[in-house]
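Report on one structure; see the data block that follows.
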There are 2 protein chains.
Amino acid sequence: MTTVRGARARARIEITVAIKDEARRQLAAEGAAKLSLRAVARELGMVSSALYRYFPSRDELLTALIIDAYDAVGAAAETAHASAVRTAPRAHLAHWTAVCRAVRAWAVDHPHEYALIYGSPVPGYTAPQDTVAPAARVGLLLVATARAAWQDEGVALPPLPDGLAPEAERLAADLAPDLPPALAVALVFAWAQLFGLVSFEVFGQFNRVVEDRDAFFATAAERLGREAGLLSRPRP
Amino acid sequence: MTTVRGARARARIEITVAIKDEARRQLAAEGAAKLSLRAVARELGMVSSALYRYFPSRDELLTALIIDAYDAVGAAAETAHASAVRTAPRAHLAHWTAVCRAVRAWAVDHPHEYALIYGSPVPGYTAPQDTVAPAARVGLLLVATARAAWQDEGVALPPLPDGLAPEAERLAADLAPDLPPALAVALVFAWAQLFGLVSFEVFGQFNRVVEDRDAFFATAAERLGREAGLLSRPRP
DNA sequence: CACAAGCAAGAGCAGTGCTCTCTTTTCGGT
DNA sequence: ACCGAAAAGAGAGCACTGCTCTTGCTTGTG
């Protein structure tokens with residue numbers, strides 16, 4: 001385990017989380033654009049230059065927040081998935097929609113954090129390697145759900161057009177070597193489309209268009225699951 | 001028509017477009033976050049305060065760019081649609097995919113402008129009324145395509161769940177009173193999902209996941225059209 | 001032709017990210 | 001127990017930002 005050496009190291013991690021917490025507060029209040037290192041430092045009673053001992057730049061702080069956000073939405077989705085599996089182990093479509101609903105709920109509750117990870121990438125920012133594992137959590141959950149359904153009752157998918165065959169093979173090899181390529185493709189489609197729906201809601205594109213967002217999203221999530229091959233009810 | 005009164009008014013609109021052009025240049029080069037009024041003014045050989053005669057604030061400049069961007073992607077989509085209709089008047093699914101491809105192509109060519117309109121909304125920004133009409137152009141095109149298909153050959157759609165019926169009625173009434181509610185719902189789904197796919201590609205979520213983006217998107221666009229009820233080929 | 005409106009310029013304010021130097025505190029090896 | 005090294009904080013400062021205000025100049029119009 002990570003043995004904390006002394007009071008100094010302990011203080012360091014405490015201050016680091018305090019900085020992130022305050023930054024997250026400002027992020028939630030004003031958005032990423034108005035997140036200011038100086039304001040964070042001021043609120044914590046320290047001088048701005050001291051903050052640079054913990055995060056070498058504003059971008060690094062943002063990266064830390066991004067990783068945390070990916071982990072938060074991933075954890076929310078995993079919890080919802082686990083609970084749905086416990087409730088009805090073979091209702092794969094219900095597991096799928098539970099994941100979708102959890103993602104949407106988290107996004108609606110944390111719009112600015114959601115924007116940080118699924119909105120426009122900031123400045124000339126290219127995602128550091130540290131972010132890719134947390135970023136994959138929701139996607140992997142979708143894959144796991146589909147895999148369970150496939151193993152348990154099979155999936156129903158439209159055939160792949162010839163042009164996509166090589167890409168589909170490659171994708172399946174990278175993503176889930178045990179699954180049929182058509183399923184891998186369908187999963188990536190559904191993955192992107194899920195976040196398209198959530199983004200449109202969070203970013204206000206549904207304003208004055210969709211009113212009953214809950215019902216709308218519930219139907220959308222179920223259709224996404226079907227398009228990913230999940231059957232509506234277990235086979236007899 | 002808009003008669004330009006004198007040299008002064010003429011100069012005003014010329015300078016206004018020059019400012020927008022330069023701003024667009026910086027936007028394309030560095031992204032919205034680094035777009036600086038002072039830098040724009042500097043590049044145009046004027047002093048920063050003079051720029052405020054044309055745009056009362058940075059946000060107003062951004063709003064102008066947002067409207068232009070919506071119009072640009074809308075125009076690209078409309079052109080592609082018109083051309084597809086000319087080529088094969090009854091190939092509704094081809095019209096649909098032409099619109100999708102045009103949107104994607106514009107987005108890939110203008111990632112920062114795309115981010116401006118379909119990425120995270122800036123600061124505490126709420127879209128002014130002027131943006132809603134341009135923003136609707138692509139959506140209206142999708143509706144028009146589906147309407148033509150519906151009138152010409154009908155559409156094939158899954159039934160709506162009961163819970164969504166009221167929202168579907170309302171949506172259809174607002175969006176396209178002549179179309180069946182199930183089609184209106186399917187169109188909004190497809191609309192959001194289309195931009196989900198494009199956003200994931202433009203914002204880098206497909207990096208190290210999807211390689212053959214053209215083939216991938218082509219298939220996705222066609223499936224979106226099918227999910228919106230469009231038939232693969234005209235009925236005999 | 002005079003006058004008011006439109007426009008440009010410059011200085012200035014408050015705020016930002018970030019760097020540098022200087023001082024204080026803390027820790028580990030002898 | 002001490003002493004040098006490393007870590008942390010404080011403060012000043014640089015270059016930049018959006019935006020405001022005042023001062024003149026230019027231009028179109030009564």
Side-chain angles (χ1 to χ4, degrees), chain A residues 2-20 22-23 25-27 29-66 112 116 121-125 128, chain B residues 2-20 22-27 29-66 112 116 121-125:
Chain A
T2 60
T3 14
V4 178
R5 310 277 283 205
R8 190 158 215 165
R10 198 182 317 255
R12 180 165 234 288
I13 71 171
E14 258 174 37
I15 294 183
T16 302
V17 323
I19 291 172
K20 287 203 292 184
E22 177 58 30
R25 264 203 53 250
Q26 297 195 10
L27 180 67
E30 301 268 23
K34 298 207 173 167
L35 199 176
S36 139
L37 282 190
R38 291 181 108 115
V40 170
R42 208 179 302 130
E43 211 67 22
L44 261 50
M46 55 169 86
V47 84
S48 77
S49 59
L51 216 150
Y52 284 82
R53 303 270 175 199
Y54 297 88
F55 295 94
S57 78
R58 185 177 181 275
D59 272 13
E60 295 276 343
L61 213 200
L62 278 178
T63 300
L65 294 181
I66 286 173
H112 285 112
L116 205 57
V122 252
Y125 191 86
Chain B
T2 61
T3 15
V4 178
R5 310 276 284 206
R8 191 156 215 167
R10 200 182 315 258
R12 180 164 236 289
I13 71 170
E14 257 174 38
I15 294 183
T16 303
V17 322
I19 291 171
K20 288 203 292 185
E22 176 58 30
R24 216 176 339 257
R25 264 203 52 251
Q26 296 195 12
L27 180 66
E30 301 267 24
K34 299 207 173 169
L35 199 175
S36 139
L37 282 190
R38 292 180 108 116
V40 170
R42 207 179 303 131
E43 210 67 24
L44 261 50
M46 56 170 85
V47 84
S48 77
S49 59
L51 217 149
Y52 283 82
R53 302 268 169 198
Y54 299 88
F55 294 94
S57 77
R58 184 178 182 275
D59 271 13
E60 295 277 342
L61 213 201
L62 278 178
T63 300
L65 295 181
I66 286 174
H112 286 112
L116 205 57
V122 251
Y125 191 86

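Proteins get letters first, then strands, A, B, ... in listed order; numbering begins at 1 in each.
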Taking atom C1' of D/dG9 as reference, at what distance in whole Å does atom CE of A/M46 sit?
-> 9 Å
B/L44 CG to C/dC7 P, straight-line distance once rounded to whole Å | 15 Å
Measure distances between side-chain N and O atoms of B/R12 and base N and O atoms of C/dG6, and say whether any donor-acceptor pair falls under 3.5 Å.
-> no
Regarding the side chain of B/A39, the nearest nucleotide among D/dT17, C/dG17, C/dG10 is D/dT17
Looking only at heavy atoms, what is the nearest atom pair of B/A23 and B/L35, with distance?
-> O-CD1, 3.9 Å
Starting from C1' on C/dT16, measure out to CD on A/Q26 and report it in whole angstrom.
-> 13 Å
For D/dG11, take OP1 and OP2 only and decide whether either is under 4.0 Å from a side-chain N or O of A/S49.
-> no
Round to the nearest Å and state the distance from A/R42 atom CZ to C/dA14 atom P.
-> 13 Å
Enter the distance from B/K20:NZ to B/I15:CD1 here, rounded to the nearest 0.5 Å.
-> 14.0 Å
Would you classify A/S57 as touching base, sugar-phosphate or nothing, given that sugar-phosphate means primed atoms plus P, OP1 and OP2, and contacts are heavy atoms under 4.0 Å?
-> sugar-phosphate
From CD of A/E30 across to P of C/dG15 the rounded distance in Å is 14 Å
In whole angstrom, give the distance that lies between atom CD1 of B/I19 and atom P of D/dG18.
-> 13 Å
Quick one: is D/dG18 close enough that its OP1 or OP2 comes under 4.0 Å of any side-chain N or O from B/S36?
-> yes
Sugar-phosphate only, base, or nothing, as touched by B/I15 at under 4.0 Å among non-hydrogen atoms = sugar-phosphate
B/L37 atom CG is separated from D/dC19 atom P, nearest whole Å, by 6 Å
So what does A/L51 hit on the nucleic acid, given a heavy-atom distance under 4.0 Å: a base, only sugar-phosphate, or nothing?
-> nothing
Which atoms form the tightest heavy-atom contact between B/Y52 and B/S57, and what is the distance?
-> CE2-CA, 4.3 Å
Testing C/dC18, D/dC19, D/dG9 for proximity to the side chain of A/Y54, the answer is D/dG9
Given DNA chain D, 5'-ward residue of the pair A/R38 and A/R53, judged by closest heavy atom | A/R53
Please state how far atom CD in A/E43 lies from atom P in C/dG15, giving the value in whole angstrom units.
-> 14 Å
Touch class at under 4.0 angstrom, heavy-atom based, for B/F55 against every strand present = nothing
With sugar-phosphate meaning primed atoms plus P, OP1 and OP2, does A/L61 contact a base, only sugar-phosphate, or nothing at under 4.0 Å between heavy atoms?
-> nothing
If you measure from CZ on B/R24 to CD on B/E22, what distance do you get to the nearest 0.5 Å?
-> 11.0 Å
Would a 4.5 Å heavy-atom cut-off, applied to side chains only, mark A/R58 and A/L62 as touching?
-> yes
